[in-house]
Amino acid sequence: MSFLTKILPTEGLYCVAMAYPKGGFKHYFFKTVEQAQAQIDLLDTQGRTVFLAQATFKTSDSRKQENTAFLRNFFFDIDCGPGKDYPDKKEAVQALKAFISETGLPFPAVVSSGNGLYAHWPLEENVVSTSWKTIARILKDTAVAYGFKTDPMRTADSASVLRPIGATHRKDPQNLKTVMLLKDAEPIRFMDFVQALTKAAKKKKVNTAQAQAPKAQKDLNSEFTDGLVTSLPSSIERVADKCLQFGEFRKTKWQAGEPHWYTSLGVMVFCEDGPERIQEWSSGNPKYNYAETEAKAKQYLNSGVGPSTCAQFGIVNPEGCIGCPHNG
C-alpha cells in the first residue's frame with residue numbers, strides 16, 4: 001500500500017493542485033489515486049510546484065470545503081525555519097514527541113515537506129467531511145491547549161492541500177528539496193482516534209461536546225416525530241453518504257446488533273431505494289433471512305411510528321453519533 005492510498009479516501013474525486021508562481025492554483029480532478037499520482041509526477045517533472053488535497057470531492061467544480069466529500073486522515077502542518085514556529089525540524093520533532101507523550105495520541109506518520117514537517121494520522125475508514133471537521137476542530141484546540149505549534153487553519157480545513165511525497169519543494173531554486181516520508185504509521189479506527197483525542201482534550205478542558213455519545217432522550221414518539229413528513233423523495237444512499245450510522249451500516253452489511261438494525265429499517269422503509277438496499281445491507285449478518293427481513297421492514301412501516309430519529313440512533317448505537325456536527 002502506497003502512502004497516498006493509506007491517507008486518501010476510497011470514494012470521491014481526487015484533486016491535484018498546481019501552484020502558479022504569482023499565487024493561486026490550477027486544479028485537476030481525477031477518479032483514481034493512480035491518475036492523481038501520474039499528474040503529480042508529470043507536473044513535478046515539468047518543474048511545477050504541486051500539492052494534493054487531503055479530501056476527495058463531490059464534483060470537479062471547485063476545491064471548496066462545501067464540495068468536500070470524505071477524508072481519511074487527520075494532519076498537522078508544522079512550520080520550521082528562521083522566524084517560524086520551530087527553528088528547525090529537530091526541535092519540531094522533539095515538540096511533537098512531547099505532545100504525543102502528554103496527550104496519549106498514537107504517534108503519527110511524519111513527512112518532511114521541504115523546510116517543515118507534516119504529521120498524518122491515517123484512518124481505517126472514510127469519514128464524512130462534516131464529521132471530520134468536527135473532530136479536526138477539537139484536534140486544533142487540543143494542540144493549542146497543550147502548547148503545540150501548528151498551522152491552526154490547516155488542521156481543521158477539509159479542503160487543505162499538502163505537498164505529496166516525491167514532489168519537489170521549490171521555494172529556493174538553489175536548494176531544491178524532495179518531500180519525503182520520515183516515519184510511517186498504521187491506520188487506526190476513527191472511533192479509536194476520537195476517544196484518545198477526547199481523553200486528552202478533557203484534561204485541558206477543551207470543549208468536546210460534539211465528540212461525545214449523545215444522551216438518551218425519553219420521549220422519542222412525541223407529536224413532532226409522529227408528524228414528520230415522509231412523502232418527499234429520499235435516498236438511503238445519500239443518507240449513508242452523510243451519516244456515520246448508515247455509512248457503517250452500508251459498509252459492514254449489518255454487523256451491529258438487532259436494535260441498531262431495526263432502527264435503521266425505520267429510515268430505510270421511507271426511502272425510494274430502501275426496499276432494495278434493506279436486503280443488500282442486511283445480508284452480512286449470520287442471522288440474515290430474506291423473508292424475515294421483509295417481514296420486519298413491513299412491520300415497521302405499518303406501525304405508524306414514523307421514521308427513526310437521531311435520538312433513537314443515539315440510544316441503540318451511541319458511538320455512531322460521535323463526530324456528527326448535529327450531535328446534541
Side-chain angles (χ1 to χ4, degrees), residues 3 6-9 15 17 51-57 63-81 84-86 89 91-93 95-123 126-165 179 182-183 185 187-188 190 192-211 322-325:
F3 191 70
K6 183 181 289 188
I7 66 170
L8 292 179
C15 178
F51 294 84
L52 177 69
Q54 301 302 291
T56 52
F57 295 82
R63 185 179 61 83
K64 293 183 178 180
Q65 293 198 61
E66 55 263 32
N67 192 32
T68 55
F70 301 99
L71 291 97
R72 218 175 97 201
N73 83 106
F74 291 97
F75 46 82
F76 283 158
D77 182 3
I78 308 166
D79 291 330
C80 306
K84 302 293 185 180
D85 289 334
Y86 297 98
K89 294 177 186 176
E91 287 206 20
V93 169
L96 180 61
K97 287 181 177 179
F99 174 74
I100 295 301
S101 177
E102 291 177 28
T103 60
L105 289 173
F107 206 95
V110 180
V111 173
S112 172
S113 61
N115 293 333
L117 298 172
Y118 298 142
H120 291 271
W121 285 272
L123 301 172
N126 299 338
V127 178
V128 177
S129 61
T130 48
S131 296
W132 177 92
K133 193 174 180 69
T134 301
I135 303 305
R137 285 173 179 153
I138 296 174
L139 178 61
K140 177 189 71 173
D141 293 343
T142 301
V144 172
Y146 279 86
F148 184 76
K149 300 173 184 177
T150 182
D151 184 338
M153 296 299 293
R154 186 82 67 205
T155 301
D157 181 359
S158 61
S160 284
V161 292
L162 301 177
R163 299 176 191 271
I165 290 173
V179 180
L182 302 179
K183 184 186 183 304
I188 61 174
F190 172 66
D192 290 342
F193 182 86
V194 170
Q195 289 170 1
L197 177 62
T198 301
K199 184 177 180 181
K202 284 182 175 179
K203 291 180 182 178
K204 296 289 186 177
K205 296 182 170 31
V206 173
N207 185 358
T208 61
Q210 289 183 322
I322 291 175
C324 178

Answer yes or no: is there a side-chain heavy-atom contact under 4.5 Å between Pro187 and Lys6?
-> yes
Partners of Phe193 by ring pair (Phe, Tyr, Trp, His ring centres under 6.0 Å), sequence neighbours excluded?
-> Phe74, Trp121
Quick one: pull up NZ in Lys140 and CZ in Phe76 and give me the separation to the nearest 0.5 Å.
-> 11.5 Å
Might you confirm whether atom NZ of Lys183 has over 12 heavy atoms from other residues, nucleotides or ligands at distances under 6.0 Å?
-> yes
Does Asp77 have any side chain to side chain donor-acceptor pair (under 3.5 Å) partners at least two apart in sequence or in another chain, and if so, which?
-> Arg154
Nearest heavy-atom pair of Ser112 and Lys89: which atoms, and what distance?
-> OG-NZ, 2.6 Å
Of the non-hydrogen atoms in Ala185 and Pro122, which two are nearest, and what is the gap between them?
-> O-CG, 3.8 Å
So, the side chain of Thr198 versus the backbone of Val194: is there a donor-acceptor pair under 3.5 Å, distance only?
-> yes
pair Phe70-Val128: side-chain heavy atoms closer than 4.5 Å = yes
Heavy atoms only: give me the nearest Phe3-Ala109 pair and the separation to one decimal.
-> CE1-CB, 3.7 Å
Rounding to 0.5 Å, atoms CD1 (Ile7) and CD (Gln54) come to a distance of 4.5 Å
Side chains of Ile100 and Pro108: does their closest heavy-atom pair fall under 4.5 Å?
-> yes
Can you tell me how far the CG atom of Asn126 sits from the CZ atom of Arg72, to the nearest 0.5 Å?
-> 6.0 Å
Nearest-0.5 Å distance that lies between atom CZ in Arg137 and atom OG1 in Thr208 | 15.0 Å
Mind checking whether Leu71 and Ser158 have side chains closer than 4.5 Å, heavy atoms only?
-> yes
Test item: Thr68 side-chain N/O and Ala55 main-chain N/O as donor-acceptor pair under 3.5 Å | no
Is Tyr146 reaching over with its side chain to a backbone N or O of Lys204, donor-acceptor style, under 3.5 angstrom?
-> no
d(Ser160 OG, Arg63 CZ) to nearest 0.5 Å is 7.5 Å
Ignoring hydrogens and geometry, is there a side-chain-to-backbone donor-acceptor pair from Tyr86 to Ala95 under 3.5 Å?
-> no
List the atom of Lys203, the atom of Glu102, and the distance in Å for their closest heavy-atom pair.
-> NZ-O, 4.1 Å
Do you know the tightest heavy-atom contact between Phe99 and Ala143?
-> CE1-CA, 3.8 Å
Over 12 non-hydrogen atoms of neighbours within 6.0 angstrom of CG in Asp192 | yes
Any side-chain heavy atom of Thr103 sitting closer than 4.5 Å to one from Phe148?
-> no
To the nearest 0.5 Å, what is the distance between CD1 (Ile138) and OG1 (Thr155)?
-> 13.5 Å
Heavy atoms, side chains only, cut-off 4.5 Å: are Leu96 and Leu117 in contact?
-> no
pair Leu139-Leu105: side-chain heavy atoms closer than 4.5 Å = yes
Show your reasoning for whether side chain to side chain contact (heavy atoms under 4.5 Å, CB included) applies to His120 and Leu162.
-> CA-CA 11 Å; His120 291 271; Leu162 301 177; 3.6 Å; yes
Indicate yes or no: at least one non-hydrogen side-chain atom of Ile78 is less than 4.5 angstrom from one of Asp85.
-> no
